[in-house]
There are 2 protein chains.
Amino acid sequence: AVRLEQVVKTYPGGPTPVVALDGVSLTVPAGAFVAVMGPSGSGKSTFLTCAAGLDRPTSGRVVVGDVDLTALSPDAVTRFRREHVGFVFQGYNLIGHLTVAENVRLPLTLAGTRPDEAWLRELLAAVGLEGLSERLPGELSGGQAQRVAIARALVARPDVVFADEPTGALDGSTADAILRLLRSTAHRFGQTLVLVTHDPRAAAFADQVLFLADGRFRGQLVDPTV
Amino acid sequence: AVRLEQVVKTYPGGPTPVVALDGVSLTVPAGAFVAVMGPSGSGKSTFLTCAAGLDRPTSGRVVVGDVDLTALSPDAVTRFRREHVGFVFQGYNLIGHLTVAENVRLPLTLAGTRPDEAWLRELLAAVGLEGLSERLPGELSGGQAQRVAIARALVARPDVVFADEPTGALDGSTADAILRLLRSTAHRFGQTLVLVTHDPRAAAFADQVLFLADGRFRGQLVDPTV
Ligand SMILES: Nc1ncnc2c1ncn2[C@@H]1O[C@H](COP(=O)(O)OP(=O)(O)OP(=O)(O)O)[C@@H](O)[C@H]1O
Ligand SMILES: Nc1ncnc2c1ncn2[C@@H]1O[C@H](COP(=O)(O)OP(=O)(O)OP(=O)(O)O)[C@@H](O)[C@H]1O
Ligand SMILES: [Mg+2]
Ligand SMILES: [Mg+2]
């Protein structure tokens, strides 16, 4: 359900360009749960934002479902993403002047859909944020803000969920609950789940773990156990 | 070197106030390395910002070195902090239009001191960011930005270093290097080090681990091993 063909991403910075992705080819089957690990600076966030259509590769192709994102106009990619892609950002990217509930509902609001109030309440409870729906992001702890970002990525029941280090700010038992939620939601709605993580315990929830270093995939682990 | 006496911190939000710290008393001896763990939302960041003078308690006393921060004016606290306190923020708080080098030097620039160029280069190399000194924060990976925040907290060789989840965005081996750096720098300059973390491996570097839950310290572990 997610396919990258020879994806290269470079940045102009400095005397020589920075090669963040060095010709990456990868296929993630529909409904699979894949984890991506690698050193800080190895290209994980770049890989995820290119795969999700949030960033445009310098060259190469990105196909989600059967739609070639690299062939669409920026507006068309944005419309496609709103309906089919959920994304948990490494920096959360919450909207400061919107409440927790408004932040979570945002993908549906932008798509012009009325959110199901029962589903919204179920999601907030599942990420442990019941009672915090009227707070502003500035009134939350780091891990609470991270969980708002996770709920927001799931609210539109997208076909593919991309998560950039979604347990980075969470203690062990909260992280565990979140990983179980991501996996069970993916099963329930037949979603493909691509998770970037530094946490081996998070990677152990996946069917497969891929290793990224210097902008290229190196090895993989099938059915990992910790 | 850091003492809290009956520190309470509440926020007005909602029908009842939110009690983030519920009467915390604690003494961290000079030169000690203490880790604080606890669930998301338990008050760790609030504890750290109050202890460092970045936030004012609702009631209670905070003493760093032999200075009562709660008795000083906001300007006096700011001047004290610049010379004596290093702080790694959970959200890094880098200045977007300053380069990596300018961000790291910032505490010295604000204190009107000329930074030692050799020391700056040594710090950047020690956190693995050599070659990135002219980049802007927006051109860094999450873990690279976190390491800029760490270098900045150390540059003024403060008496006390407070770090809020400083390895949250780092892979295992980079995290290890950073923890060794924090510990060795603390020994070298006789610093007190208070580290908030979700990572048991980070906590294992400390002399002592304290557990926070619902705004109160519950238990502790002396000389932890993982
Ligand atoms: N705008 C930019 N200009 C120059 N280099 C950039 C820019 N954005 C990212 N990079 C570089 O691209 C490389 C890959 O970055 P990326 O954010 O994908 O890494 P990552 O694996 O997600 O790291 P982390 O684990 O620290 O989050 C890094 O070396 C980074 O410094
Ligand atoms: N401005 C605010 N208004 C209301 N409640 C707040 C405000 N700021 C923080 N809180 C609450 O105070 C509590 C403690 O927050 P704190 O950031 O100290 O937690 P934490 O232990 O650092 O969590 P994490 O591990 O998720 O970073 C949380 O329940 C949080 O929602
Ligand atoms: Mg990243
Ligand atoms: Mg915190």
Side-chain angles (χ1 to χ4, degrees), chain A residues 11-16 18 20 37-48 89-92 94 99 127-129 131-147 164-165 167-175 177-178 196-201 203 211-213 215, chain B residues 11-16 18 20 37-49 89-92 94 99 127-129 131-147 164-165 167-175 177-178 196-201 203 211-213:
Chain A
Y11 295 106
T16 51
V18 178
M37 298 186 81
S40 171
S42 57
K44 302 180 301 298
S45 296
T46 305
F47 157 69
L48 218 64
F89 290 87
Q90 189 167 3
Y92 323 151
L94 302 185
T99 64
V127 296
L129 298 180
L132 299 188
S133 56
E134 302 314 304
R135 291 260 189 103
L136 291 177
E139 300 167 334
L140 297 175
S141 77
Q144 288 167 342
Q146 186 161 49
R147 285 179 275 157
D164 201 343
E165 300 189 36
T167 60
L170 304 176
D171 56 281
S173 81
T174 308
I178 287 303
V196 157
T197 184
H198 285 308
D199 183 357
R201 226 174 24 210
F211 297 91
L212 195 66
Chain B
Y11 294 106
T16 50
V18 177
M37 299 185 80
S40 171
S42 56
K44 302 181 300 299
S45 295
T46 305
F47 156 69
L48 218 64
T49 51
F89 290 87
Q90 188 166 4
Y92 323 152
L94 301 185
T99 64
V127 296
L129 297 179
L132 299 188
S133 57
E134 301 314 303
R135 291 259 189 103
L136 292 176
E139 300 167 334
L140 298 175
S141 78
Q144 290 167 341
Q146 185 162 50
R147 286 178 275 157
D164 201 343
E165 301 188 35
T167 61
L170 305 177
D171 57 281
S173 80
T174 308
I178 288 303
V196 157
T197 185
H198 284 307
D199 182 359
R201 226 175 23 210
F211 297 91
L212 196 65

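Quantities reported herein were computed from a predicted structural model and do not represent experimental measurements. Each chain gets a letter, A, B and so on, in the order the sequences are listed, and its residues count up from 1. FYI, side chains are in, hydrogens and waters are out, and symmetry mates aren't considered; it's all heavy atoms of this structure.
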For this session: Identify which of A:T46, A:L170, A:L140 forms the greatest number of heavy-atom pairs closer than 4.5 Å to chain B.
Result: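 Ranked by heavy-atom pairs under 4.5 Å with chain B, first place is A:L170.
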Problem set entry | Pick from A:G142, A:A169, A:S45, A:G41 with the largest number of heavy-atom pairs that fall under 4.5 Å of chain B |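 Answer, by heavy-atom pair count under 4.5 Å with chain B: A:A169.
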Exercise. To the nearest 0.5 Å, how far apart are OG1 in B:T99 and CG in B:L94?
Worked result: 11.0 Å
Exercise. Can you tell me how far NZ of A:K44 sits from CD of A:E165, rounded to the nearest 0.5 angstrom?
Worked result: 5.5 Å
Restricting to non-hydrogen atoms, name the atom on [X] and the atom on [Y] that form the minimum distance, rounded to 0.1 Å.
X: A:P39; Y: A:H198; value: C-CE1, 4.5 Å
X: A:T167; Y: A:I178; value: CG2-CG2, 4.4 Å
X: B:A203; Y: B:T197; value: N-CG2, 3.9 Å
X: A:D199; Y: A:M37; value: C-CE, 4.1 Å

Tell me, for [X] versus chain A, whether the close heavy atoms (under 4.5 Å) come from the side chain, the backbone, both or neither.
X: B:S40; result: both
X: B:E139; result: neither
X: B:Q144; result: both

Problem set entry | Greatest number of heavy atom pairs closer than 4.5 Å to chain A - which of B:S141, B:G43, B:G128, B:G172 |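 Most heavy-atom pairs within the cutoff with chain A belong to B:S141.
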Seminar exercise, completed: Applying a strict 4.5 Å limit to non-hydrogen atoms, the region of A:Q90 in contact with chain B is side chain
